[in-house]
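Only one structure is covered here, and it is reproduced in the block below.
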Amino acid sequence: MSTEKLPARSENFSEWYNQVVLRAELADYAPVRGCMVIRPYGWALWENIQQALDRRFKETGHVNAAFPLFIPMSFLEKEKEHVEGFSPELAVVTVGGGETLEEPLVVRPTSETIIGYMYSKWIRSYRDLPVLINQWGNVVRWEMRTRLFLRTLEFYWQEGHTAHATEEEALEETLRMLNVYTDFAYNEAAIPVIPGRKSETEKFAGAVQSYTIEAMMGDTRALQSGTSHFLGQNFARAFDIQYLDRNNQLQYCWTTSWGLSTRFIGAIIMTHGDDQGLILPPRLAPIQIVIVPIYRSDTEQSQVMAVATQLHKQLSARFRVKVDDRSEVTPGFKFNDWELRGVPLRIEIGPKDVEKGVLTVARRDIPGKAGKSTIHPNNLEAQFAQLLDDIHLSLLKRATQFRDEHIFDPQNYEELKEVVQHGWAFSWWCGSAECEAKVKEDTKATTRCIPLEQPAGEGRCIVCGQRATQKVYFARAY
RNA sequence: CGGGGUGUGGCGCAGAUGGAAGCGCACCGCGUUUGGGACGCGGGGGUCGGCGGUUCAAGUCCGCCCACCCCGACCA
């Protein structure tokens, strides 16, 4: 616990971010460079993310399974682009039980290869298709520069891997899961992500096409928050995933993969947080309502605690509630503490409230006195459900407004260079890697996505002036 | 891997010219407090990143090594 104020977001956004993560006790640095410990509060948030996603996966027909952490080195080498993309960041095990291994094992950076290998064993007939499997697990990528949640050597995620009989079906699956992520981001996390397609240079190593949900952080940088890949027959050919169709013809499968990681926690922090700390979206918050009792004398304490305990019991049936009964810190400290931790609603119960038979409620999304109101204890569940929904909507509205205010439509290349310093540019783009590279070279901004929703007509590439049929977002990214 | 920086109680730091390791916060105890980050008194805790050297004497000077942080190249 610390009593110091956080650095202001406007002064030093990344320092604000680090301190929020550490002080809200979401995570801590591990003894190994680039690794972190996800603490109980952070893990509880992840568990809620998992639940919300897992429910959507099941609803769309997927099942969970678990594949091994170790993958034979040779597997990675079977898909050319895949190995080129991942080999620089592999952790490799060369010794086991004191003996040098016959073949080195890589610690999975992603599981397309080993799952592809298994699929080739399991799939024989069109009757076996589609295979719709998801895995919750952890992967390792030896990154050079790391940041809590946003990029660590090891991270937790889910990776879905599906195999289909036809290209159409696989493409449909790819977009279905992109929609699942979009729906999750809007309706659980209150994050207005933009779904779109990745450029050739930005796509997943080994994919035919990659789709992404891109979110704008509070400093206007972009964060890829989830991805869905159409893998074509690349991995099916590399791993011999074949089936006999109705006409007894041997065919290669069409596969997809899609993932969302603990990085999403970073997206939540940087989308909604303010100078007081975290603001957690109500549907994912580990604690939705915190009750802070206030008292002086022993008599007051017993009166107040009686109400607090009863209220806790009543509300717990429907909400995630906590009573902060710590006696060693003052109410003022607790207010700040729970605001730092982002709890959406706080109930203050003091002698005055007990006397009047009311509750004082403070909304986390509206700081200070403005967010406080007095409510009468009739139909409490409905009142709190309404309040939490209101907070969800207000967070989404605020984030959407911020996003839209920082998306620009530069009229020429000079303007583009300027706007990507403090926002995103939404511009016509010819699609060439050269133009993309030039923007990156000049501004550090990269293409984030070609949004699914495109304006009508066509224009001129913002970089080279050639005919362009699509608009793309350029932004500096995490 | 290139450029810059930092290593001293849990955290943040101070320790010119070598001469008995300190401060703030946190922690423990007691008391007073408690409606927006309380206060008093009393405590516990550090082989000064590591190894080697110079010296009567090294946190301080010299050499080597290690780790971490920031900025680049790479990335969900």
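Per chain, numbering begins at 1; letters A, B, ... match sequence-line order. Side chains are part of it too, since the values below use all heavy atoms of this structure and drop only hydrogens, waters and symmetry mates.
RNA chain B is contacted by A/Lys440, A/Lys444 of residues 432-447 of chain A, taking any non-hydrogen atom closer than 4.0 Å. Residues from residues 179-197 of chain A lying near RNA chain B, meaning a heavy-atom separation below 4.0 Å, are absent. The stretch residues 295-310 of chain A touches RNA chain B through A/Tyr295, A/Arg296, each having a heavy atom under 4.0 angstrom from the strand. Of the residues in residues 345-357 of chain A, those lying under 4.0 Å from RNA chain B by heavy-atom distance are A/Arg346, A/Glu348, A/Gly350, A/Pro351, A/Lys352, A/Asp353.
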For a quick test of your reading: what N or O donor-acceptor pairs under 3.5 Å do the side chains of residues 87-95 of chain A make, sequence neighbours left out?
| residue | atom | partner | partner atom | Å |
| --- | --- | --- | --- | --- |
| A/Ser87 | OG | A/Val83 | O | 3.0 |

Per-pair distances, 0.1 Å, donor-acceptor, side chain in residues 303-314 of chain A, under 3.5 Å, sequence neighbours excluded:
| residue | atom | partner | partner atom | Å |
| --- | --- | --- | --- | --- |
| A/Thr309 | OG1 | A/Met305 | O | 2.6 |
| A/His312 | NE2 | A/Val321 | O | 3.4 |

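With sequence neighbours left out, A/Gln301 forms a side chain to side chain donor-acceptor pair (under 3.5 Å) with no residue at all. Every salt bridge (Lys or Arg N to Asp or Glu O under 4.0 Å) that A/Glu81 has, sequence neighbours left out, goes to A/Lys203. For A/Lys471, the side-chain contact (heavy atoms from CB on, under 4.5 Å) test picks out A/Asp409, A/Phe426, A/Trp428, A/Gln454, A/Pro455, with sequence neighbours left out.
At the heavy-atom level, A/Leu150 lies under 4.0 Å from base atoms of the strands shown.
Base pairing of B/C39: its partner is B/G31, meeting the Watson-Crick or G-U wobble criterion (both donor-acceptor distances under 3.5 Å). The partner of B/C68, taking Watson-Crick or G-U wobble pairs whose two distances both stay under 3.5 Å, is B/G5.
A/Gln51 and A/Glu47 form no side-chain donor-acceptor contact under 3.5 Å, judged by distance and modelled atom types alone.
Ion pair A/Arg23/A/Glu25 not flagged as a salt bridge, since none of the NZ, NE, NH1 or NH2 atoms sits closer than 4.0 Å to an Asp/Glu carboxylate oxygen. Ionic pairing of A/Glu188 and A/Arg56 is present here: one or more N-O contacts between side-chain nitrogen and carboxylate oxygen are shorter than 4.0 angstrom. Look at A/Arg9 and A/Glu15 and you find no salt bridge, because none of the NZ, NE, NH1 or NH2 atoms lies under 4.0 Å from a carboxylate O.
At whole-Å resolution of the value, CZ in A/Arg23 and C1' in B/A26 are 12 Å apart.
With hydrogens and angles disregarded, no donor-acceptor distance shorter than 3.5 Å links the side chain of A/Glu159 to the backbone of A/Trp258.
Counted within 6.0 Å of CH2 on A/Trp136, heavy atoms from surrounding residues, nucleotides or ligands total more than 12; the atom is thus considered enclosed.
Rounded to whole Å, the separation between the C1' atoms of B/G50 and B/G31 comes to 46 Å.
In this structure, A/Phe75 has its ring center closer than 6.0 angstrom to the ring center of A/Tyr117.
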For A/Glu453 and A/Ile194, run side chain to side chain contact (heavy atoms under 4.5 Å, CB included): C-alpha distance rounded to whole Å, both residues' side-chain angles, the deciding distance at 0.1 Å, then the answer. CA-CA 9 Å; A/Glu453 277 184 41; A/Ile194 294 177; over 6 Å; no

List, with names and distances, any nitrogen or oxygen atoms from the protein found under 3.5 Å away from nitrogen or oxygen atoms belonging to nucleotides 28-31 of chain B.
none

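A close approach under 4.0 Å does not occur between any side-chain nitrogen or oxygen of A/Thr330 and OP1 or OP2 of B/G37.
Applying the salt bridge (charged side-chain N to carboxylate O under 4.0 Å, His left out) test to residues at least two apart or on different chains, none of the pairs has a partner in residues 220-231 of chain A. Applying the ring pair (Phe, Tyr, Trp, His ring centres under 6.0 Å) test to residues at least two apart or on different chains, the pairs with a partner in residues 172-221 of chain A are A/His82-A/Phe204, A/Phe86-A/Phe204, A/Phe184-A/Phe264, A/Phe204-A/His229.
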